Amino acid sequence: MKFGVWFCILSVPFNMSKLFALLDCNNFFVSCERVFNPSLRHKPVVVLSNNDGCVIARSNEAKALGVPMGAPFFKCKELLQRHRVAVYSANFPLYGDLSGRVMQTASEFTPELEIYSIDEAFLHLDNMPEPYEYVKSARETIRRHTGMPVSIGVAATKTLAKAANHIAKKHSTDGIFCLQDQETIDRWLRETPVEGIWGIGYNKGDFLKRQGVLTALQLKEMPDAWIKQNLSIGSLKTVWELRGIPCLESQDNAIDKRAITTSRTFAKEVTSLEELSEPIAAYIANASEKLRSQQSVCGYVQVYLTTNRFKRERYYANAAGIDLTPPTAYTPDLIAIAQKLVKSIYKPGYGYKKAGVVLSNLQPQSTVQDFLFEPTYDSSRRQKLMDIMDHWNNRRNTAKVFLAAEGMGQDWYNEAYKSKRFTTRWDELLEINI
DNA sequence: TCTGGGGTCCTAGGACCC
DNA sequence: TCTGGGGTCCTAGGACCC
């Protein structure tokens, strides 16, 4: 482990000055809705999670009204109505498309762009002489090309760039902050509670506070051995990053996912095995489409079920999985296996509230060896059938091809406040009346 | 009545072997 | 049959992130 940390230092040549910019879209989902509906600007807006369950994005005006992040919709509905807050159901096709446009524009400003999440990316700006002017121009270009407001923080490590971004959002007038001179860094560290650091969550923050480590500055000054013994090697990296030593490796964006999950909460409780079969089939179809889009096959499939986790009485949750030999990405086989798995964990007499599937042990389709007795995914007509289905389903504005097992898309979920898919469906284009 | 979804990484502990 | 220590590998679950 020690070697790993030393390697972090040695891998940075001394004459090379590392510099990172963290670009973060402001209130991303809300901003997406505003791009296509400018009348929402300067008004309180929230976006709800799937099934209209929780608040997952808030405009600054909604934050000012005291709408908490993650608040269950039913608990704050009255507050939202009272203040005439605009409410939207999550529209992930729209957000994913806008995210792609923002990242594309950002990538024109750096040879190395690390996409960290749907609304965040690190730009590598090593040895950049005038980072402020540079990211300012990036920010303006993104705004002009996509309509998306972003904040940018610049610093010598990713953890500090994250902090700089936070300062840019809260305190700067132009959405940009460079956290570079040591005096400013230490002043910020002194004023920041330890749980405000990227990588220190609720549990570690709570532990640190009980140990008397209250601020980011105190954390930075704790001995390495203590951090390693009481927290983890990951936390030690965080501490070194606070000291200005880059320890977080680049995430190669080309690396494929290690697992693919699809799950949903149902609008109502589902009781019969037959009713559970359809959403499970639909989740497998969804997950295996993602699997094929990264040219992978999966070697393990898992299915899980759970009743309402907020109800103490009659709670039941279970999962079952199975190794796949040979690994596959063939939807019909995966559905058949998933149906057997769900049957093995289903218990009658319970009202199920959520179900999901996980595809894991992913490997590139090209490396799968031939099996003597079993046809592999790519050695038969199966792959061709999937290719045709994917091709058809990826065309914009065509009816989706799906398997009968997925059902006709009953009203499993709530989404009462959904905006149109302005950028991915011809029949939902924005209409302008002149 | 109504409480999200999709990831990654690390660690503790069990199984197994010598 | 009982005794011990040390190592690897795997997996479930915790912690964290957006």
Side-chain angles (χ1 to χ4, degrees), chain A residues 1 4 22-29 46-58 68-78 80 87-92 95-96 99 115-122 158-159 162 165-166 195-208 228-238 247-249 251-252 255-269 283 286-287 290-291 294 300 302 304 306-312 317-321 323 351 353-362 412-416:
Chain A
M1 290 304 186
L22 175 65
L23 180 155
D24 190 323
C25 301
N26 299 345
N27 312 326
F28 181 58
F29 298 159
V46 300
V47 174
L48 304 177
S49 64
N50 271 320
N51 207 35
D52 293 345
C54 299
V55 172
I56 54 169
R58 305 159 295 158
M69 180 64 171
F73 182 43
F74 75 91
K75 283 191 182 172
C76 58
K77 199 169 183 174
E78 196 272 329
L80 297 175
V87 175
Y88 284 87
S89 303
N91 187 345
F92 290 108
Y95 309 153
S99 168
I115 297 172
Y116 178 72
S117 73
I118 193 167
D119 71 331
E120 276 176 79
F122 289 103
K158 290 181 181 173
T159 305
K162 192 90 180 163
N165 188 286
H166 185 73
E195 71 274 17
I197 302 293
W198 188 41
I200 306 296
Y202 178 81
N203 281 278
K204 284 177 182 172
D206 193 50
F207 169 78
L208 285 166
K228 215 165 76 176
Q229 193 181 345
N230 291 283
L231 297 170
S232 69
I233 188 74
S235 303
L236 187 57
K237 286 184 182 178
T238 296
C247 287
L248 301 177
E249 295 92 43
Q251 300 287 321
D252 183 350
I255 290 177
D256 292 324
K257 290 193 182 75
R258 302 170 65 86
I260 295 170
T261 305
T262 302
S263 68
R264 294 285 181 279
T265 299
F266 306 129
K268 291 175 186 159
E269 291 186 351
Y283 302 161
N286 178 288
K290 288 184 202 161
L291 181 68
Q294 64 170 48
Y300 190 78
Q302 187 187 50
Y304 65 87
T306 164
T307 59
N308 191 335
R309 67 195 167 103
F310 297 96
K311 276 190 194 167
R312 275 260 176 105
N318 207 349
D323 286 312
K353 191 64 183 163
K354 183 178 178 181
V357 304
V358 185
L359 306 181
S360 55
N361 287 2
L362 307 191
W412 296 107
Y413 321 108
N414 292 321
E415 45 179 30

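Labels below follow one simple rule: chain letters A, B, ... track the order of the sequence lines, proteins then strands, and each chain is numbered from 1. Predicted, not measured: the structure shown is a model, and the values here were computed from it.
- A/Ala71 comes within 4.0 angstrom of nothing in the nucleic acid, heavy atoms only.
- Here the nucleotide nearest the side chain of A/Lys257, chosen from B/dT8, C/dC18, B/dC2, is B/dT8.
- For the residue pair A/Thr262 and A/Asn286, a side-chain donor N or O sits within less than 3.5 Å of a side-chain acceptor on the partner.
- Stacking between A/Phe310 and B/dT3 is shown: the ring centroid lies under 5.5 Å from the centre of the six-membered base ring, and the planes differ by under 30°.
- Between A/Lys162 and C/dC18 there is a side-chain polar atom (N or O) within less than 4.0 angstrom of OP1 or OP2.
- Residue contacts shown for A/Ile197 are limited to sugar-phosphate atoms, with no base heavy atom under 4.0 Å away.
- Under the 30°/60° scheme for interplanar angles, the aromatic rings of A/Phe29 and A/Phe92 are found to stand perpendicular.
- Residue contacts shown for A/Lys77 are absent, as no nucleic acid heavy atom lies under 4.0 Å away.
- The phosphate of C/dA15 (OP1 or OP2) has no side-chain N or O of A/Ser232 nearer than 4.0 angstrom.
- Using a 4.0 Å heavy-atom criterion, one finds that A/Ile118 contacts no nucleic acid atom at all.
- The side chain of A/Lys237 places no N or O atom within less than 4.0 Å of a non-bridging phosphate oxygen (OP1 or OP2) of B/dC9.
- When the side-chain nitrogen and oxygen atoms of A/Thr261 are compared with OP1 and OP2 of B/dG7, one or more of them lie within a distance under 4.0 Å.
- For the OP1/OP2 pair of B/dG5 and a distance below 4.0 Å, the side-chain nitrogens and oxygens of A/Lys354 include at least one atom meeting the criterion.
- Within the 4.0 angstrom heavy-atom criterion, no nucleotide atom of any strand lies near A/Asp52.
- In this model, the phosphate group of B/dG6 is approached by a side-chain N or O of A/Ser263 to a distance below 4.0 Å at OP1 or OP2.
- Residue A/Leu48 is classed as having no contact, given no heavy-atom separation below 4.0 Å to the nucleic acid.
- Between A/Asn414 and the phosphate of B/dC2, there is no side-chain N or O to OP1/OP2 separation shorter than 4.0 Å.
- Here the nucleotide nearest the side chain of A/Pro72, chosen from C/dC18, B/dG5, B/dT3, is B/dT3.
- Ring planes of A/Tyr413 and A/Phe266: parallel class, angle under 30° (limits at 30 and 60°).
- At a threshold of 4.0 angstrom between heavy atoms, the contacts of A/Tyr202 are confined to the sugar-phosphate backbone, with no base atom among them.
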